[in-house]
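The basis for the numbers below is simple: all heavy atoms, side chains too, and nothing from hydrogens, waters or symmetry mates.
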Amino acid sequence: MADDHSAAVEAVQLDMTKLRAITEEPQQQLYVMSFLNNLEKLVDRLDEDGASAYQLYVKKELFKIITLSAPAPTRLVRNQAGRCFVGIFEKGDRKLLYDTINELVGIVNTGRSDKDLKMRHAAVHCIGEVYRAAGDSAMSLSTMTCTALIRLLKGAQNHCGLRSSIFKALTKIIRMIGGMTDEPVAREVWKQARNIAAGDKAAVVQASALQCLEELLQATSFFSSHQEFEKLQSSAMKAFESSSAPVRKAAASCLAAALVQAYSNEAPELKMAKRPKKNKRQSMAITDEDGIGIERPGSPGPGGKKAIVRMSLTLDEILRQLSAHYTKQSTSAKVRAGIAQCYSEVFTRLGSVVVESNYGAIAVHLLTEVQSNQGIIINRFRLLTTRKYVRVLLEDVIGHGLLGETGQLNAMKTLINDIIRNYPQVIKEKAEPSKYALTGALHALASLIKSLGAAVTSTQDSLRDGLLQVLQHPSYTVQVATSWCLRVFVIAAPAQLLPIITICMNNVNRELTQMTARRPTTTEALRRCTGYANGLAAAISTAPLQPLYASVDVTSRILTLATSLLKSSGDYDLRISSTQIQVAWVLIGGLMALGPNFVKIHLSQLLLLWKNALPKPLAKDSNMERSLLELSFLAHVRECALGSILSFLEFNSRLLTTDVSKRIAAMLQNSTLFLNTLPSKKSTDDVSQRLSPSLQLLDFDLMVRRRVLQCYVKLVKLSHGEALQANLLTIAVSFFADPDKYTPSSLSTAIASSAGAFESLWEIGDNYAYGVCGFVNGFDVDAFAFEAHGSKPAIAHWMTRDSPEARINETVSHFISFACFDMLGHT
């Protein structure tokens, strides 16, 4: 036994003679790390008695390594030494705990050179690991230890790794001793962490300081007042400006911890403000932002000067705290991304019970106060990013992450009754939701329906009526969102397929009859007809998924209606005719989803209709004589027809023979030739010369070009390039490779004309990024829609993160990339 003991002692002894005999520093480091590796394996094998028996020897060897001047301790050495300290103090007794901490603090307090700095860095890391393992037995040394770490922080201004390790060590100490933390020391740590979180240039130091602040909030009660929260909020908002995603995440977590800690189910009892009396034992009052005093029993604060009054916030107040900063005009995109992450952290920390019981208030806040805020909707960049953030919060964080089946059903009822069914306005007390709120609510509703599946049948009637009611909204965005929601609903409740198709067909026929009755037709009536057509097409496209609930007679009636609209469209003025043509091609596009069994019978008729809609253009001079209204109409017809061809290519690849491919390719080339004949001036201020009040000829031009490129890509993929015109690819790609063709001025001209009011590249961009698509997202390469349905999946990189926080961070980086592409195009 004595021999075994001696062998074990020798195994944990560092051979200093051999180390000094090594002349090269890299070899010395390898020797030290090899020794530490063997030492760590030995510590892992020890049981409780063994850890206590060999604790002294392990401790001596670890201090030899930490205090080495050559080679100085590196990151790997620090981590291995810390794990060894954790092993001997977690499994063994703690007789040497005080001595170990005192010696480590002594190393922290000595040394001035760079090599000494590495030695002190290793000691700081080991202090944190020792307290993490056994700090509850060394609370009396915490004040001295924290003071030494704070003192070292002031001398480590040029070493970001050391500053980060100091805050990590302080975090571990505070987590272990909790409420026993000395208040003056805690306040000094709080002050230093706030300053560094707000202004340090090193992201790793900012993140560590924010984690330390969060631990102080959770482990102590010294920073729960309104004044401390304001200071913390200011530091967090500055940290949100960082370009580092981990810093924004740490700031969001810290701010969310403060807000959730202040959460209260009930509003505090409010009284008139009173001046605090001089007697400190009596009740003291504080005054909030509205000048209302909240009287609470006071307790002596630091130095006996003030009372610490815990801040109390309701859920509405917590949400308003965040939205007030989010909707400011001066708030940057990075700060908004950080606040969105903070929303996610708040909901997650509040838990399922609180979120489920307050889902209505949360949804109304996000959709109305945030997404529909005037400061958000006036800027397209802010609107698009906010729309995505709200979708991530309502669908991923809350809908999928926090709500159970009962909660999802209740949330679905809340969206229908409190938002969707308020359009159009019926009750004066309930304001009509904006189109932005409706769009967000419809996306959230579709996500809930997907999750619930057949469970939505319990509320299918009210759900159907609400969606059909919103389908008449004049906003095209709302119509598309409603159509998608209808499609998801019909898949979940297939018995609703025929009722929805019947109602939509009746509404389409009614609107068409009113339009063609020689009465004055408003833009809203035209858009309403298009909305019902989109809903009908979305519903009929689900028939292949639920063939038992479909009807061949109904699909034939829809095709007959579409063809009759195309034939009679020339009898009316251009605006009514354009609506009829759009309705017809939308219906035909929906029928294409029925697949080859249905389309094969009508293929010859469809090819003839497409040929008539996409003829070979006349000479360029003939188009020069046409007005912008007529040219917009002709472009609109081609865009609608190409949309139906795109649907045909996606769902009917089996019908794509060499002859059909050749004929479709000819139609695409005819479309490109037509676009080349359009005049250079594609915009006008005369509303009477616009086919739609919000769309110029330039917009129709771009929509046709997009359809040409989409159809071309699908055609090449499916037909493998057979019988295609050689110049079609060149023509299609050139539409997106010539930015000067669509931009009135260059980047330098735009900056010069702004006269100091230049805000961002997005403000002068064309919002198209010159053909750059979203299929390449960082390291990921997404598949096309028709590829995703087949054997070729999207290519996801191993570094991909799919959490809500990752999607929020990607949103910021993607929009910055698009802005840079805009800049490159202009220059």
Side-chain angles (χ1 to χ4, degrees), residues 194 197-198 203 206-207 210-211 213-214 217 229-263 313-350 355 361-379 381-398 401 436 440 760 803-816:
R194 275 197 302 104
Q206 281 185 290
L210 288 162
Q211 291 168 0
L213 289 173
E214 182 178 351
L217 282 169
F229 172 76
E230 290 294 334
K231 297 176 183 177
L232 175 65
Q233 185 174 240
S234 176
S235 298
M237 291 300 165
K238 293 178 181 177
F240 283 147
E241 292 284 358
S242 173
S243 58
S244 172
V247 173
R248 293 198 298 268
K249 180 176 175 57
S253 179
C254 182
L255 185 57
L259 291 170
V260 173
Q261 189 181 55
Y263 170 69
L313 299 173
T314 62
L315 180 60
D316 290 338
E317 292 170 339
I318 290 175
L319 297 178
R320 283 199 297 270
Q321 285 281 347
L322 297 174
S323 63
H325 291 277
Y326 188 95
T327 55
K328 282 183 180 178
Q329 295 283 346
S330 57
T331 304
S332 67
K334 294 177 184 176
V335 175
R336 288 194 175 91
I339 295 175
Q341 288 186 351
C342 191
Y343 270 111
S344 175
E345 290 285 343
V346 167
F347 296 144
T348 304
R349 289 168 185 263
L350 287 175
V355 171
I362 293 172
V364 170
H365 170 82
L366 292 175
L367 296 172
T368 304
E369 297 184 25
V370 177
Q371 186 167 322
S372 302
N373 186 275
Q374 190 63 31
I376 299 297
I377 63 178
I378 61 174
N379 185 287
F381 170 74
R382 296 175 197 160
L383 177 60
L384 294 177
T385 52
T386 302
R387 182 186 297 174
K388 183 169 183 179
Y389 295 156
V390 171
R391 287 192 63 180
V392 169
L393 294 173
L394 286 179
E395 297 176 22
D396 297 340
V397 177
I398 297 177
Y436 312 104
S760 67
S803 63
E805 291 80 7
R807 292 180 61 190
I808 290 173
N809 289 323
E810 286 175 2
T811 304
V812 179
S813 60
H814 288 172
F815 276 109
I816 292 174

Task: Gap between atom CD1 of Ile376 and atom CG of Leu384 - 0.5 Å precision - done: 11.5 Å
TODO: Look at the side chain of Ser235 and the backbone N and O of Lys231, then say whether any donor-acceptor pair between them is shorter than 3.5 Å.
DONE: yes
Task: Geometric class of the Tyr343/His365 ring pair [parallel <30°, tilted 30-60°, perpendicular >60°] - done: tilted
- [ ] Please report the shortest heavy-atom distance between Glu317 and Leu313, naming the atom on each side.
- [x] OE1-CA, 3.2 Å
Task: Heavy-atom check, side chain of Val390 versus side chain of Leu367, under 4.5 Å - done: yes
Task: Shortest non-hydrogen separation from Leu393 to Ala340 and the atoms involved - done: CD2-O, 3.8 Å
TODO: Quick one: list whatever passes salt bridge (charged side-chain N to carboxylate O under 4.0 Å, His left out) with Arg387, sequence neighbours left out.
DONE: none
Task: For Ser372, all residues meeting side chain to side chain contact (heavy atoms under 4.5 Å, CB included), sequence neighbours excluded - done: Ser434, Tyr436, Ala437
Open item on the list: Quick check on side chain to side chain donor-acceptor pair (under 3.5 Å): which of Thr386, Thr331, Asn373 does Tyr326 satisfy it with?
Closed with: Thr386
- [ ] Using a 4.5 Å cut-off on heavy atoms from C-beta on, say whether the side chain of Val397 contacts that of Val355.
- [x] no
TODO: Just do the side chain to side chain contact (heavy atoms under 4.5 Å, CB included) check on Leu319 and Ile362 with the steps written out, would you?
DONE: CA-CA 8 Å; Leu319 297 178; Ile362 293 172; 4.3 Å; yes
Open item on the list: I want to check something: taking the side chain as every heavy atom from C-beta on, are Gln329 and Arg382 in contact at a cut-off of under 4.5 Å?
Closed with: yes
Open item on the list: As a quick check of understanding, evaluate side chain to side chain contact (heavy atoms under 4.5 Å, CB included) for Phe240 and His325, giving each step before the final call.
Closed with: CA-CA 12 Å; Phe240 283 147; His325 291 277; over 6 Å; no
Open item on the list: Once rounded to the nearest 0.5 Å, what's the spacing between atom CZ of Arg320 and atom CG of Leu315?
Closed with: 10.0 Å
- [ ] For residues Ile339 and Met237, determine if any side-chain heavy atom of one lies less than 4.5 Å from a side-chain heavy atom of the other.
- [x] yes
Task: Non-hydrogen atoms of Gln206 and Ala239 that approach each other most closely - done: NE2-CA, 4.2 Å
- [ ] Identify the two heavy atoms, one from Thr327 and one from Glu369, that lie closest to each other, and give their separation to 0.1 Å.
- [x] CG2-O, 3.7 Å
- [ ] Give the minimum heavy-atom separation between Asp396 and Pro804, together with the two atoms involved.
- [x] CB-CG, 4.1 Å
Task: Nearest non-hydrogen partners of Leu213 and Ala197, listed with the distance - done: CD1-CB, 4.2 Å
Open item on the list: Quick one, Gln371 with Arg391, criterion side chain to side chain donor-acceptor pair (under 3.5 Å). Give me CA distance, side-chain angles, the key distance, then yes/no.
Closed with: CA-CA 10 Å; Gln371 186 167 322; Arg391 287 192 63 180; over 6 Å; no
Task: Backbone of Glu230 reached by a side-chain donor or acceptor of Ser234 within 3.5 Å - done: no
Could you list the donor-acceptor pairs under 3.5 angstrom formed by side chains in residues 246-263, with sequence neighbours left out?
{"unit_1": "Arg248", "atom_1": "NH1", "unit_2": "Ser242", "atom_2": "O", "d": "2.9"}
{"unit_1": "Arg248", "atom_1": "NH2", "unit_2": "Asn809", "atom_2": "OD1", "d": "3.0"}
{"unit_1": "Ser253", "atom_1": "OG", "unit_2": "Glu214", "atom_2": "OE1", "d": "2.9"}
{"unit_1": "Ser253", "atom_1": "OG", "unit_2": "Glu214", "atom_2": "OE2", "d": "3.1"}
{"unit_1": "Ser253", "atom_1": "OG", "unit_2": "Arg349", "atom_2": "NH2", "d": "2.6"}
{"unit_1": "Gln261", "atom_1": "NE2", "unit_2": "Leu217", "atom_2": "O", "d": "2.5"}
{"unit_1": "Tyr263", "atom_1": "OH", "unit_2": "Asn265", "atom_2": "OD1", "d": "2.7"}

